[in-house]
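Read through the structure below, which is laid out as structure tokens, and then see the notes.
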Amino acid sequence: MSNSQLVVLGQDEAAACCSPMVREPLGEESAIELARMFKALSDPVRLRLLSLIASHEGGEACVCDLTGPFDVSQPTISHHLKVLREAGLVGSERRGTWVYYWVLPAALAKLSSLLQAPAGTTGEEAR
């Protein structure tokens with residue numbers, strides 16, 4: 001007998017960790033965690049902040065680079081960044097007087113995996 005392992009192609013760790021809710025109901029802990037993430041993203045400023053951080057050169061952005069595009073005060077930006085961090089969507093690190101932020105890929109993978117439709121379905125078939 002062989003000790004080789006069976007490898008399933010077309011599945012990565014992010015997809016394997018979280019089944020889309022159309023295949024398997026969410027557990028209570030997963031629902032709480034995901035709801036916190038979606039709630040954080042339900043604000044337009046936070047959604048734009050996440051997009052700015054993710055698209056920033058090098059994959060991380062200084063808080064000093066994130067205040068310009070918004071018509072809100074710096075303390076308000078800091079509050080929104082704190083909400084994103086507490087929801088587990090971004091990581092941060094203080095470097096001298098500035099704080100740098102980056103998007104956590106595992107969090108985005110959880111969110112996208114949850115909403116992923118099963119292969120071969122379209123909007124019309126789901127009705």
Side-chain angles (χ1 to χ4, degrees):
M1 272 206 203
S2 170
N3 285 340
S4 63
Q5 293 181 339
L6 177 64
V7 177
V8 179
L9 299 176
Q11 292 188 355
D12 58 19
E13 285 183 33
C17 81
C18 310
S19 298
M21 67 180 160
V22 295
R23 283 189 242 155
E24 180 178 301
L26 285 174
E28 184 176 354
E29 287 182 31
S30 293
I32 290 169
E33 178 187 10
L34 289 163
R36 186 178 315 119
M37 290 181 186
F38 281 116
K39 185 176 181 180
L41 292 175
S42 70
D43 183 279
V45 172
R46 289 194 287 265
L47 190 57
R48 286 184 60 210
L49 278 169
L50 188 74
S51 176
L52 279 170
I53 294 167
S55 64
H56 203 270
E57 185 176 336
E60 65 179 25
C62 174
V63 69
C64 59
D65 297 324
L66 300 173
T67 56
F70 298 95
D71 194 24
V72 296
S73 68
Q74 189 279 325
T76 301
I77 294 294
S78 292
H79 165 74
H80 286 303
L81 289 167
K82 178 183 174 186
V83 172
L84 290 171
R85 193 179 71 249
E86 289 176 347
L89 294 165
V90 298
S92 65
E93 176 182 73
R94 179 172 292 281
R95 298 179 195 158
T97 58
W98 298 109
V99 178
Y100 287 78
Y101 292 88
W102 58 88
V103 173
L104 298 174
L108 296 184
K110 283 182 184 181
L111 293 172
S112 65
S113 176
L114 176 73
L115 297 176
Q116 181 182 8
T121 61
T122 64
E124 292 298 317
E125 293 172 354
R127 288 187 212 168

- Item | Steps toward side chain to side chain contact (heavy atoms under 4.5 Å, CB included) verdict (L52, D65) | CA-CA 9 Å; L52 279 170; D65 297 324; over 6 Å; no
- Message: Does V72 form a side chain to side chain contact (heavy atoms under 4.5 Å, CB included) with T67? I'd like the steps, not just the answer.
- Response: CA-CA 8 Å; V72 296; T67 56; over 6 Å; no
- Query: Do V99 and L81 pass the side chain to side chain contact (heavy atoms under 4.5 Å, CB included) test, and can you show the C-alpha distance, the side-chain angles, and the key distance before you say yes or no?
  - Reply: CA-CA 10 Å; V99 178; L81 289 167; over 6 Å; no
- Message: side chain to side chain contact (heavy atoms under 4.5 Å, CB included) for V45 and T76? Distances and angles first, verdict last.
- Response: CA-CA 10 Å; V45 172; T76 301; 5.9 Å; no
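Scanning both residues, R95 and E93, for their nearest heavy atoms gives NE-OE1, 2.6 Å. Across all their heavy atoms, L84 and R46 have their closest contact at CD1-O, 3.7 Å. Between W102 and G59 the shortest heavy-atom distance is CB-O, 3.4 Å. Nearest heavy atoms, Y101 versus I53: O-CG2, 3.5 Å.
Results of the side chain to side chain contact (heavy atoms under 4.5 Å, CB included) test with H80 over L50, L49, L66, L47 single out L49 as the only residue that passes.
Residues passing the side-chain contact (heavy atoms from CB on, under 4.5 Å) test with E57, sequence neighbours excluded: none.
Under the 4.5 Å side-chain heavy-atom criterion for grouping Ile, Leu, Val, Met, Phe, Trp and Tyr, V83 is not connected to V63 through any hydrophobic cluster. Each of L41 and L104 belongs to its own hydrophobic cluster when Ile, Leu, Val, Met, Phe, Trp and Tyr are linked at side-chain heavy-atom distances under 4.5 angstrom.
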Hey, can you pull the donor-acceptor pairs under 3.5 Å for the side chains in residues 32-40, sequence neighbours left out?
unit_1, atom_1, unit_2, atom_2, d
E33, OE1, K110, NZ, 3.4
E33, OE2, K110, NZ, 2.6

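Remark: the backbone N or O of F70 is not paired with any side-chain donor or acceptor of R48 at under 3.5 angstrom.
Between atom SG of residue C62 and atom CH2 of residue W98 there is a gap of 5.5 Å, rounded to the nearest 0.5 Å.
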